[in-house]
Trainee: 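Dumping the structure here so I can ask a few things about it.
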Amino acid sequence: MEYNHKEIERTWSKYWSENQLYKVVEDPNLPKLYVLDMFPYPSGAGLHVGHPLGYIASDIYSRFMRHRGFNVLHPMGYDSFGLPAEQYAIETGQHPAVTTENNIKRYRSQLDLLGMSYDWSREVRTSDPKYYKWTQWIFLQFFNSWYNKKTNKAEPVKTLLQHLEEFGTKGLDAACTQQLSFTAEEWNTWPEEKKQQTLLNYRLAYRSESVVNWCPALGTVLANDEVKDGLSERGGYPVVQKKMMQWSLRITAYAQRLLEGLEQIDWSDSIKEAQRNWIGRSEGAIVNFYTPDQVPISIFTTRPDTIFGATFIVMAPEHDAVDQLTTDEFKRAVEQYRDYVKSRSERDRLADVKNVTGQFTGSYVIHPFSGEKIPVYISEYVLAGYGTGAIMAVPGHDSRDHRFAKKFGLPIKMVVDPGKPWDVDAETYEEKSGTSINSEFLSGLPVEDAISAIITEIERRGIGHRKVNFRLRDAVFGRQRYWGEPIPIYYKNGIPYPLPEELLPLELPQVDAYLPTEDGDPPLARAKEWYYTDDEGNKWPLETTTMPGWAGSSWYFLRYMDPANEKEPFSAAKEKYWKSVDLYFGGSEHSTGHLLYARFWHKFLFDLGFVTSDEPFAKLINQGMIQGTSAFVYRVKGQKKFVTFSKKDAYDTQSLYVDVNLVENDVLDIDGFKKWRPEFMDFEFETEDDGSYRVGREIEKMSKSKYNVVNPDHIVEKYGADTLRLYEMFLGPIELSKPWNTDGITGVYNFLKKYWRLHFDEAGNFCVKDEKPTDAELKTLHKTIKKVTNDLQNFSYNTCVSAFMICVNELTSQKCQKREVLQPLSVLLAPFAPHIAEEIYQRMNSGQSVLLARWPSWDEKLLEEDHVIYPVSFNGKTRFTLSLSKSLTSEEVEKAVLAEPKTAKYLNGKNPRKIIVVQGRIINIVI
RNA sequence: GCCCGGGUGGUGGAAUCGGUAGACACGCAGGACUUAAAAUCCUGUCUGCAGAAAUGCGGGUGCGGGUUCAAGUCCCGCCCCGGGUACCA
């Protein structure tokens with residue numbers, strides 16, 4: 001009987017689903033494990049082969065741990081709000097909910113083919129009002145909270161109100177937009193509106209001005225993704241940077257905790273490092289410089305020790321004080337420069353270091369220590385949002401300042417001695433080591449000491465103070481979009497108020513188009529009945545921006561615990577059982593976005609007592625990207641002829657993309673190609689000498705337009721899900737990015753066929769015997785159990801697959817068809833290739849599912865060797881091997897190797913200078 | 001630009017602690033079975049030189065240095081590719 005993947009996979013997926021074998025319920029008698037995939041955005045292109053890489057890996061791990069007695073929560077859902085659906089809606093007029101629903105159906109049917117062990121009863125969709133009701137509810141918790149730096153946690157606004165009523169801002173240490181100072185008496189006399197306005201300064205969800213990509217022609221804000229070279233991708237219109245009133249979440253309040261939390265979690269160092277850099281904690285000082293008219297300019301520096309080398313000041317062009325500082329003579333030039341900067345994205349401003357730009361304001365400040373007059377410039381390399389939006393430029397010790405000084409002919413002073421010859425005019429010395437020079441009282445001090453000495457002096461003189469600064473900015477939370485969660489806020493006389501909880505969910509309204517209004521308001525402003533009616537019957541306008549894509553994905557993992565709960569986002573009892581995600585699989589492209597926001601929300605929910613863990617994802621594994629391998633055919637220009645890859649250089653050709661699904665092992669399916677592109681029906685194909693037409697290859701991003709998107713469906717159809725699963729794991733280490741290439745897939749398909757044949761006799765009858773296995777057979781099995789178990793614990797899936805291949809190759813040559821060997825093997829294979837393993841296991845066990853089998857254990861005694869094959873090297877070059885008893889000591893090994901005749905040959909009469917014996921491993925003789 | 005990864009045969013990769021580089025596959029070449037094909041099985045396959053062969057000698061893990069008895073692995077300096085860079089998710 002031949003291995004028939006279609007029938008086997010159909011049979012068992014139906015069986016698992018009918019018997020609800022993947023359904024998971026809280027069971028206090030079993031240890032829990034929460035294994036999660038980053039849920040996909042259901043795009044119109046469907047699931048491609050890159051998606052399942054992580055899904056298969058997590059599924060294998062989930063199944064493995066179920067065999068080992070864990071109660072595993074392994075859910076799946078959809079991150080179904082997002083820009084592409086809205087873009088598609090703008091183009092076609094179809095409601096995003098409709099296209100999203102279709103895409104989800106397609107994803108689901110594709111996922112169903114892959115044999116995933118998801119408990120689908122827990123499915124979550126972020127665009128489902130039953131779900132986003134609770135996203136809105138969490139937003140209201142943010143709105144109704146403030147961050148108390150004294151208790152170091154978020155608290156309800158109620159406790160803030162009590163404090164303000166009793167003490168005003170005295171003794172208040174809160175995360176806020178602006179440092180305010182008022183007494184309790186003042187507060188208590190303020191009208192309601194002023195109080196509300198003031199509270200916004202402290203709320204964790206608040207409104208503030210932030211810079212956006214504004215496209216006047218489209219009347220909307222664009223994502224960075226939608227802007228190419230300063231023009232909108234859609235239409236090619238100019239894009240400018242514009243300040244806009246926006247909702248933000250005060251993530252900066254959590255900066256320190258987000259940084260410290262990284263210590264407790266098992267994530268790769270690179271992702272932790274990325275988060276650390278994103279948070280960007282730096283220690284330094286704020287220093288005030290004054291103009292002769294006593295106008296202060298406050299700067300932030302991490303190198304206050306270099307203050308004597310400060311030869312000019314640079315301010316962000318958007319800095320509030322620029323107008324005041326610009327002299328009449330420079331007004332025009334400054335205005336022009338500011339216009340130029342508006343056309344530049346933040347990334348352009350920071351990345352473009354070759355092109356140094358800036359403008360003198362006409363003003364000077366007095367250096368607080370030297371008393372010299374130093375000029376004030378504006379330049380795009382200083383950002384308004386970082387630090388104080390102004391820097392003291394020290395060209396001797398900062399490369400950006402150095403380039404600026406060179407360009408504008410400003411003095412460069414050396415104030416740190418590198419301890420080696422250095423031409424500071426040619427090159428800046430940036431390292432934070434050396435000794436202060438030319439710095440009055442700092443001279444002679446090492447950098448670290450100079451920093452503390454100067455800060456002490458700055459504080460003593462009252463011109464500044466020590467400061468810990470974070471690069472992290474508050475997270476802009478409003479989007480000028482339709483397809484997102486409506487923000488549950490209404491405005492009464494311009495003041496935002498939360499919608500009463502019982503009105504949630506605030507559902508997305510119907511609109512006539514998914515574009516901004518003519519006045520430039522977001523699409524929700526098109527809705528007719530978009531207002532809130534209060535108890536007195538007053539109608540108040542609702543917020544018209546929606547939440548960003550990351551809102552729903554910041555807490556979905558909690559909803560899986562209790563997805564149908566209508567009274568609360570999730571019950572305390574279920575949260576207590578599942579706690580947090582033990583193992584999270586996802587792409588490293590989310591390292592700073594989603595993973596930071598989710599940690600932030602989780603810490604906030606922890607502060608309010610809704611979750612009992614401080615970090616949401618204990619362990620994280622980043623799977624690599626799967627790239628496309630595009631294929632090309634070569635058309636001879638002007639002729640009805642294609643020429644094969646190796647002969648193309650003999651002609652003047654034009655390369656055309658060909659659908660990679662029509663190519664196998666670089667050989668084109670010519671008939672298939674003609675069917676796909678009927679216009680080439682009567683074309684001639686000049687082939688290789690063996691008669692095949694070979695395509696050219698190029699590795700690039702997987703994209704529909706390059707015809708290199710490989711859909712798992714075809715592969716599942718042709719080889720089956722088990723083969724696809726094994727193949728994706730066999731491709732290489734899970735964390736590595738790699739191009740997709742189906743060339744090797746026959747290797748794993750052959751392996752499954754070979755595995756299948758182990759259980760059948762010549763006549764094709766199922767044939768597993770109850771004979772006692774030989775020691776060699778047992779050794780083959782047990783070393784495989786050991787290897788696969790250990791490798792799975794290290795998430796080394798590719799080496800598991802080769803271990804299976806070695807095992808099956810050995811059992812085949814041993815002609816082993818014994819139950820005692822084959823039955824444990826089927827359990828080992830079940831997480832990887834569940835369908836075939838189930839078929840084999842059930843044939844051996846009359847009707848019990850392999851999913852319920854216990855994971856086999858290995859017997860170390862069966863694996864012990866009594867001899868070691870020592871490689872013998874001379875001066876590091878391996879010359880021969882020597883089999884010696886394992887029990888020999890180093891001295892005995894040394895004796896044995898010297899007694900070996902071959903040794904004399906390589907010694908060639910010389911005496912060994914040194915003999916290194918690593919017991920059980922290697923012998924190296926140094927001559 | 002900055003931050004984070006990666007680079008090993010024709011290809012994907014293995015080498016888990018610094019200890020025989022190339023496991024396991026793909027591809028390719030040759031062979032068996034077959035009228036033929038498919039399927040299956042066997043043999044070879046990093047590379048240069050010598051040899052009929054067994055084998056021997058040398059080179060070799062992106063490039064250039066270094067540490068070490070021993071480096072794909074550790075250190076220093078480069079090159080190339082991929083990801084992120086705050087409104088793609």
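Heavy atoms only: backbone and side chains are in, while hydrogens, waters and symmetry mates are out. Residue numbers begin at 1 in each chain, while the letters A, B, ... track the order of the sequences.
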Trainee: Counting the atoms with a prime plus P, OP1 and OP2 as sugar-phosphate, which does A:Pro40 contact under 4.0 Å by heavy atoms, base, sugar-phosphate, or nothing?
Mentor: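 The residue A:Pro40 makes no contact with any strand.
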Trainee: What contact category does A:Trp278 fall into here, base, sugar-phosphate, or nothing, at under 4.0 angstrom with non-hydrogen atoms?
Mentor: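 Result for A:Trp278 = base.
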Trainee: Taking any strand in view, what nucleotide pairs with B:C78 in a Watson-Crick or G-U wobble way, both distances under 3.5 Å?
Mentor: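 For B:C78, the partner nucleotide comes out as B:G62, under the 3.5 Å rule.
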Trainee: Does B:G77 adopt a syn or an anti glycosidic conformation, taking syn as a chi angle within 90° of 0?
Mentor: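 This nucleotide is in anti.
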Trainee: Regarding A:Leu472, tell me which of base, sugar-phosphate or nothing describes its non-hydrogen contacts under 4.0 Å with the strands shown.
Mentor: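 The answer is base, as A:Leu472 lies within the cut-off (heavy atoms under 4.0 Å) of a base atom.
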Trainee: Determine: side-chain N/O of A:Arg349 to OP1/OP2 of B:A86, distance under 4.0 Å, yes or no.
Mentor: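 Result: no.
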Trainee: In terms of the nearest nucleotide of RNA chain B, which residue is placed more toward the 5' end: A:Thr799 or A:Ala274?
Mentor: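 Residue closer to the 5' terminus by nearest nucleotide: A:Ala274.
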Trainee: With the side chain of A:Tyr41 defined as its heavy atoms from C-beta on, choose the nearest nucleotide among B:U20, B:A89, B:G59.
Mentor: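 Of B:U20, B:A89, B:G59, B:A89 is nearest to the side chain of A:Tyr41.
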Trainee: Classify the ring geometry between A:His5 and A:Tyr749 as parallel (under 30°), tilted (30 to 60°) or perpendicular (over 60°).
Mentor: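 Ring orientation of A:His5 relative to A:Tyr749: perpendicular.
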Trainee: Roughly how many Å is it from CH2 in A:Trp740 to C1' in B:U11, rounded to a whole number?
Mentor: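 Result: 15 Å.
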Trainee: With rounding to the nearest 0.5 Å, note down the distance linking CD1 in A:Ile271 to CG in A:Leu596.
Mentor: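 Rounded to the nearest 0.5 Å, the CD1-CG separation comes out at 11.0 Å.
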Trainee: Quick check on B:A86: is either OP1 or OP2 less than 4.0 Å from any side-chain nitrogen or oxygen of A:Arg473?
Mentor: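 A:Arg473 to B:A86 OP1/OP2: no side-chain N or O under 4.0 Å.
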Trainee: What integer number of Å spans the P atoms of B:C63 and B:A71?
Mentor: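 So the two P atoms sit 16 Å from each other.
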Trainee: Considering every strand and a 4.0 Å limit on heavy-atom distances, what is the contact class for A:Gly587: base, sugar-phosphate, or nothing?
Mentor: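 Nothing, no nucleic acid heavy atom in range.
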Trainee: Between P on B:C26 and CD1 on A:Ile745, what's the gap in Å once rounded to a whole number?
Mentor: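 Between P of B:C26 and CD1 of A:Ile745: 12 Å.
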Trainee: From C-beta outward on A:Asn924, which listed nucleotide comes closest to its side chain: B:A15, B:A70, B:C87?
Mentor: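 Output: B:A70.
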Trainee: Over how many whole Å does the gap from A:Asp791 atom CG to B:A14 atom C1' extend?
Mentor: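 In whole Å, B:A14 C1' lies 11 Å from A:Asp791 CG.
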Trainee: If you measure from OH on A:Tyr514 to CD1 on A:Ile90, what distance do you get to the nearest 0.5 Å?
Mentor: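 Output value for this atom pair is 10.0 Å.
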Trainee: In whole angstrom, what separates A:Ile916's CD1 from B:C69's P?
Mentor: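 These atoms are roughly 7 Å apart.
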Trainee: Within this structure, what is the CD1-OG1 distance for the pair A:Ile923 and A:Thr903, rounded to the nearest 0.5 Å?
Mentor: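 A:Ile923 CD1 to A:Thr903 OG1: 8.0 Å, rounded to 0.5 Å.
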Trainee: Of the options B:C69, B:C87, B:U85, whose atoms approach the side-chain atoms of A:Arg347 most closely?
Mentor: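 Per side-chain heavy atoms of A:Arg347, the pick is B:U85.
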Trainee: What is the ring orientation for A:His594 with A:His590, classed by angle as parallel under 30°, tilted 30 to 60°, or perpendicular over 60°?
Mentor: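 It falls in the perpendicular class, over 60°.
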Trainee: Which nucleotide, if any, forms a Watson-Crick or G-U wobble pair with B:C17, using both distances under 3.5 Å?
Mentor: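 By the stated definition (distances under 3.5 Å), nothing pairs with B:C17.
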Trainee: So, is A:Arg400 near the phosphate of B:G1, with a side-chain N or O under 4.0 Å from OP1 or OP2?
Mentor: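 Result: no.
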Trainee: How far, in whole Å, is B:A70 from B:C80 if one measures between their P atoms?
Mentor: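 So the two P atoms sit 32 Å from each other.
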Trainee: Figure out the CD1/P separation between A:Ile915 and B:C69, and round it to whole Å.
Mentor: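 About 15 Å, once rounded to whole Å.
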Trainee: Nearest 0.5 angstrom please: A:Ile715 CD1 to A:Glu728 CD, how far?
Mentor: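 The CD1 atom of A:Ile715 sits 7.5 Å away from the CD atom of A:Glu728.
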Trainee: Closest approach to the side chain of A:Met805, judged atom by atom: which nucleotide of B:A86, B:A14, B:C24 is it?
Mentor: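 Looking only at heavy atoms from C-beta outward on A:Met805, the closest nucleotide is B:C24.
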Trainee: Go through B:G19, B:C26, B:G59 for me and flag the one nearest to the A:Thr746 side chain.
Mentor: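 Of the options given, the side chain of A:Thr746 lies nearest B:C26.
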Trainee: Using a strict 4.0 Å threshold on nitrogen-to-oxygen distance, state whether A:Glu380 and A:Arg400 make a salt bridge.
Mentor: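 No, no charged N to carboxylate O under 4.0 Å.
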Trainee: What is the nucleic acid contact for A:Gln246, judged by heavy atoms within less than 4.0 Å: base, sugar-phosphate only, or nothing?
Mentor: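 Counting heavy atoms under 4.0 Å across all strands, the contact made by A:Gln246 includes a base.
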Trainee: Let's see if you can work this out: which of B:C88, B:C57, B:C4 has an atom nearest to the side-chain heavy atoms of A:Glu273?
Mentor: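 So the nucleotide nearest the side chain must be B:C4.
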Trainee: With respect to the side chain of A:Asn798, which nucleotide from B:U20, B:C3, B:G13 is positioned closest?
Mentor: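 In terms of side-chain proximity for A:Asn798, the closest of B:U20, B:C3, B:G13 is B:G13.
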Trainee: Might you list the N or O atoms of the protein lying below 3.5 Å from N or O atoms in nucleotides 40-42 of chain B, with each pair's distance?
Mentor:
unit_1	atom_1	unit_2	atom_2	d
B:U40	OP1	A:Asn750	OD1	3.2
B:U40	OP1	A:Lys753	NZ	3.1
B:U40	O3'	A:Arg757	NH2	3.2
B:C41	OP1	A:Arg757	NH2	3.2

Trainee: Give a yes/no answer on whether the side chain of A:Arg403 brings an N or O atom under 4.0 Å of OP1 or OP2 in B:G1.
Mentor: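 Negative; the distance criterion is not met.
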Trainee: Could you check A:Phe81 against A:Met547 for side-chain contact (heavy atoms from CB on, under 4.5 Å), going step by step and ending with a plain yes or no?
Mentor: CA-CA 10 Å; A:Phe81 271 134; A:Met547 298 188 196; over 6 Å; no
Trainee: Reckon A:His590 touches a base, only the sugar-phosphate, or nothing at all at heavy-atom distances under 4.0 Å?
Mentor: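 Base, at least one base heavy atom under 4.0 Å.
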Trainee: Check the distance between B:A70's C1' and A:Ile922's CD1 and give it to me in whole angstrom.
Mentor: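 Checked: the CD1 to C1' distance equals 7 Å.
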Trainee: Identify whether any heavy atom of A:Phe751 sits under 4.0 Å from a base atom; if not, whether one sits that close to sugar-phosphate; answer base, sugar-phosphate or nothing.
Mentor: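 Contact class for A:Phe751: none.
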Trainee: Can you tell me the Watson-Crick or wobble partner of B:G9, both distances under 3.5 angstrom?
Mentor: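 Its partner: none found.
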Trainee: Using purine N1 to pyrimidine N3 plus N6-O4 or O6-N4 for Watson-Crick, or N1-O2 and O6-N3 for G-U wobble, each under 3.5 Å, what pairs with B:G51?
Mentor: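 For B:G51, the partner nucleotide comes out as none, under the 3.5 Å rule.
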Trainee: Base, sugar-phosphate, or nothing for A:Lys787, non-hydrogen atoms under 4.0 angstrom?
Mentor: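 Answer is base: heavy atoms of A:Lys787 come under 4.0 Å of a base.
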Trainee: Report the residue (A:Ser80 or A:Ala803) whose heavy-atom-nearest nucleotide on RNA chain B is the more 5′ of the two.
Mentor: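 Counting from the 5' end, the first nearest nucleotide belongs to A:Ala803.
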Trainee: If I take atom CG in residue A:Asn103 and atom P in nucleotide B:A89, what distance separates them, rounded to the nearest angstrom?
Mentor: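 After rounding, the gap between these two atoms is 15 Å.
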Trainee: Based on the glycosidic angle (syn within 90° of 0, else anti), state the conformation of B:C26.
Mentor: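 In terms of base orientation relative to the sugar, B:C26 is anti.
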Trainee: Of the options B:C24, B:G6, B:A21, whose atoms approach the side-chain atoms of A:Leu736 most closely?
Mentor: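 The nucleotide sitting nearest to the side chain is B:G6.
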Trainee: When you measure from the side chain of A:Asn213, which nucleotide among B:A89, B:C69, B:C87 comes out closest?
Mentor: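 It is B:C87.
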Trainee: Looking at A:Glu485 and A:Arg479, does any basic side-chain N land under 4.0 Å from a carboxylate oxygen?
Mentor: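 No, no charged N to carboxylate O under 4.0 Å.
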Trainee: Reckon A:Val926 touches a base, only the sugar-phosphate, or nothing at all at heavy-atom distances under 4.0 Å?
Mentor: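 Touches sugar-phosphate only.
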Trainee: Counting only Watson-Crick pairs (N1-N3 plus N6-O4 or O6-N4) and G-U wobbles (N1-O2, O6-N3), all under 3.5 Å, who is the partner of B:A38?
Mentor: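 B:A38 is paired with nothing.
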Trainee: Just the rounded figure in Å: distance from P of B:G13 to CD of A:Glu735.
Mentor: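 So the two atoms are 12 Å apart, to the nearest Å.
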Trainee: When we call it a touch if two heavy atoms are under 4.0 Å apart, what does A:Arg921 touch: a base, just sugar-phosphate, or nothing?
Mentor: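 Answer is sugar-phosphate: A:Arg921 comes under 4.0 Å of backbone atoms only.
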Trainee: Measuring from A:Cys800:SG to A:Met729:CE, what's the distance to the nearest 0.5 Å?
Mentor: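 One gets 10.5 Å once the value is rounded to the nearest 0.5 Å.
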Trainee: When you check the phosphate oxygens OP1 and OP2 of B:A89, does a side-chain N or O of A:Tyr556 lie under 4.0 Å from one of them?
Mentor: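 No, no such contact exists.
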Trainee: Just verifying a value: how many Å separate A:Tyr381 OH and A:Thr357 OG1, rounded to the nearest 0.5 Å?
Mentor: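 Result: 10.0 Å between the selected atoms.
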Trainee: Any strand counts, and the cut-off is 3.5 Å on both contacts for Watson-Crick or G-U wobble. Which nucleotide pairs with B:C2?
Mentor: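 Checking every strand shown, B:C2 finds its partner in B:G84, with both distances under 3.5 Å.
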Trainee: Report the relative orientation of the aromatic rings in A:Phe832 and A:Tyr797; use parallel for angles under 30°, tilted for 30 to 60°, perpendicular for over 60°.
Mentor: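 A:Phe832 and A:Tyr797: perpendicular rings.
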Trainee: Picking from B:C4, B:A25, B:U16, which would you name as closest to the side chain of A:Asn277?
Mentor: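 In terms of side-chain proximity for A:Asn277, the closest of B:C4, B:A25, B:U16 is B:C4.
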